[in-house]
Amino acid sequence: MRIGLLTEAGYPYVSGDARLWCDRLVHGLAQHEFDVYALSRSQRQEDEGWVPLPPNVRRVRTAPLWMAEDDEVVLGRRARRRFGECFAELAAVLCGAAGAALSAGSAAFSAGTVAGTAGVRVGAAGAVAGAAGVTVGAAGAGGVREGVSASEADRFANALYGLAELARETGGLVGALRSEAAVRTLERACRAPGAQRAAREARVPDLLAVAGYLERALRPLSLDWYEDEGLGAVDLCHAASGGAAVLPGLLARHFTGVPLLVTEYGVRLRTHYLTTPDAPPAVRSLLAAFEGRLAAEAYRRAEVVTAGNAHARRWQERCGADREKLRTVHPGMDARPFAEAGESPECADPDTLVWVGRVEPAKDLVSLLHAFAEIRKARPKTRLRIVGAPVGPEGAAYHLHCRALAAQLFPDEAEGPHIPGDNPVSFEEIGGPELPRPADAYASGAVTVLSSVVEGFPIGLVEAMLSGRATVSTDVGAVVEVIGGTGLVVPPRNPRALAEACVALLRDPERRARLGAAARARALELFTVEQNIEAFHGIYLEIVSRAPVRRVLDGAGEPLPFAVPAEARVPVRWSAPSPSLAARNGPGWATARPVRATPHVPAPEGAR
């Protein structure tokens, strides 16, 4: 089978989201061929290069999302009018305004101008049912409103595919999306009757910010990936995330009928709410509307939608995903590096707590440090090892703040259980002489702590479970789903509860051992690479069996279910059966002629 793997800011680059998961998937499914279509996020990411690629990666095509040179495409009068109609309809849907109020051509566009041009077929009641759009409340705070009509979902789809068809015909829309006309169209949509309050209050900087975001998000429309020799040649497209990565899959399905599989370990709309809390209400509202509509369209068109955990799956359902299409496939972790720590219940120091992760505000190390102050009152010999590196400028500033807070809460003691000048809190990184590997960090303590206030799928928690360690975690994201009763869970931002749970485990080594063994058994059953790969292998076969690529034909013009049929692997000549055999088995035998993809190899002399 030939898979088109669609990524954004991840595989095959050395750094980025979902890189490890994609790398393990490609290596684990060596029987399949992969064409990787990657969108990069920064110049630095491209300069860092790619990970070593296995032989079953046949092709890698990349495109940057962080910059785009002007395509120098000059649209004619008719093309400009079509662009104006399509972009006006898109903006109207995002603003919640009536499309007919935007321009004289919008009504004609909605009636099928674009659909008649390139065959957009929407409106099937079964496909549209449940495809709820996402809008934001009047204050722009970011509430999800379900029950948006199917006609509005169709309007967004018509506008999106209309822009894609125009980009394909003209060679690109980078210049048009960057133009002042696009900003003015967005402004008219915000001021139109029926627009949401947050959109009506958009100022010029807000409009420029939203127009810039839409231009970057819609850059995949101008790529040349959708021809028969590109994504049109694969058996299915697998988008490794939502957002920009899913757009090439939607367009490949629209232009060439290739089925689409969408995998999300973090829902893009939820990420938007978490990462833009301080944005102006108009910006937050319009961008949330775009991400929600794009997600709903992806869920509607995809054959199967997978979530990494039940938390993400609930978000997908809220954004309009059909429950019958949803599958939960947990991320796969490589258990081998943690085997030694997991099989030896002894720890280096029974009085040590360990925290492992990226140092950033969402991890709430401040609450952990205050909880540790309470722990030290009950157990003065306890130490805390914070193992991790800061992420970005914000993470670096937070790292310095946490170090200063630790020095303030735990001044160097002249008397006590520790050496003078020795702080009970240490900040370390993986790769040092004491902690060369992540498994060494987990093995160095008796209890692993997770103190986050925001979490998707807690990878570090699974690593601790594979290491056989008892855990204390905050109830965020998919933590409860992952733990499943094999660790202690407390409310987030509650240092007292965190401290009490840690003290309870530090005082009871037998309980720690029981919980650690149960946690390792659960992680080996549910969260390994093997179960992840097996799940996706089954989904691939399920999709292709239901939706074969009809453009790939054999010598007699009959459709083949795979881009590279099985006969191509057999070095012999295939021919039609004898007339007598065809007569016994029906007319299908007389017309079936599998493709001979390799030259005929004559049999050895002795075999003749």
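Just the heavy atoms: all of them, side chains too, but no hydrogens, waters or symmetry mates, feed the values below. The structure presented is a predicted model; accordingly, all values stated were derived computationally and were not measured.
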Show the nearest heavy-atom pair for residues [X] and [Y], with the distance to one decimal.
X	Y	answer
Ala296	Cys319	CB-O, 3.5 Å
Ala182	Ala176	CB-O, 3.7 Å
Tyr11	Ala38	O-CB, 3.7 Å
Leu186	Leu207	CD2-O, 3.7 Å
Gly308	Pro331	O-CD, 3.5 Å
Pro259	Ile543	CB-CG2, 3.7 Å

Next on the checklist: For Arg59 and Tyr37: C-alpha separation, side-chain torsions, deciding distance, then whether side chain to side chain donor-acceptor pair (under 3.5 Å) applies.
Outcome noted: CA-CA 8 Å; Arg59 171 193 292 180; Tyr37 291 79; 3.1 Å; yes
Non-hydrogen side-chain atoms of [X] and [Y] separated by less than 4.5 Å:
X	Y	value
Leu247	Leu294	yes
Ile483	Leu461	yes
Leu25	Ile3	no
Met465	Met333	no
Tyr299	Glu264	yes
Leu65	Pro220	yes
Glu542	Glu303	no
Arg61	Asp224	yes

With no hydrogens and no angle check, is any side-chain donor or acceptor of [X] less than 3.5 Å from a backbone partner on [Y]?
X	Y	result
Glu394	Glu360	no
Tyr398	Leu365	yes
Arg520	Leu466	yes
Arg313	Ala307	no
Gln531	Leu526	yes
Asn56	Val26	yes
His330	Thr528	no

Checklist entry - Going through the checks in order, is the side-chain contact (heavy atoms from CB on, under 4.5 Å) test met by Leu435 and Val356? => result CA-CA 11 Å; Leu435 303 175; Val356 181; over 6 Å; no
Residues forming a ring pair (Phe, Tyr, Trp, His ring centres under 6.0 Å) with [X], sequence neighbours excluded:
X	value
His537	His32
Trp21	His238, Tyr265, Phe536
Phe87	Phe83

Next on the checklist: Between Leu29 and Phe34, is the side-chain contact (heavy atoms from CB on, under 4.5 Å) condition met? List the steps.
Outcome noted: CA-CA 9 Å; Leu29 294 177; Phe34 284 85; 4.1 Å; yes
Between atom [atom1] of [X] and atom [atom2] of [Y], what is the distance when rounded to the nearest 0.5 Å?
X	Y	atom1	atom2	result
Leu173	Arg178	CG	CZ	12.5 Å
Arg293	Arg300	CZ	CZ	11.0 Å
Leu450	Asp475	CG	CG	11.0 Å
Leu163	Arg168	CG	CZ	15.0 Å
Glu165	Leu251	CD	CG	9.5 Å
Leu269	Gln316	CG	CD	11.5 Å

Item to check | Trace of the side-chain contact (heavy atoms from CB on, under 4.5 Å) decision for Leu231 with Leu6 | outcome: CA-CA 10 Å; Leu231 284 173; Leu6 314 175; 4.0 Å; yes
Checklist entry - Going by distance alone, is a donor N or O of one side chain under 3.5 Å from an acceptor N or O of the other, for Glu291 and Tyr273? => result no
Checklist entry - Just by distance, with hydrogens left out, do Thr306 and Thr263 show a side-chain donor and acceptor under 3.5 Å apart? => result yes
Is it true that [X] and [Y] have a side-chain N and a carboxylate O under 4.0 angstrom from each other?
X	Y	value
Glu48	Arg44	yes
Glu525	Arg522	no
Arg268	Glu8	yes

Next on the checklist: Thr7 vs Tyr13, test: side-chain contact (heavy atoms from CB on, under 4.5 Å). Steps then yes/no.
Outcome noted: CA-CA 10 Å; Thr7 67; Tyr13 295 103; 6.0 Å; no
Checklist outcome for this item: Across all chains, not counting sequence neighbours, the salt bridge (Lys or Arg N to Asp or Glu O under 4.0 Å) partners of Arg270 are none
Item to check | Those residues that, when tested against Glu455, pass salt bridge (Lys or Arg N to Asp or Glu O under 4.0 Å) (two or more places apart) | outcome: Lys363
Item to check | Counterpart residues, side-chain hydrogen bond (donor to acceptor under 3.5 Å, both in side chains), relative to Asp35 (two or more places apart) | outcome: Arg2, Arg58
Checklist entry - Do the ring planes of Tyr226 and Phe255 sit parallel (below 30°), tilted (30 to 60°) or perpendicular (above 60°)? => result tilted
Checklist entry - Is the Phe457 to Phe527 ring centre distance short of 6.0 Å? => result yes
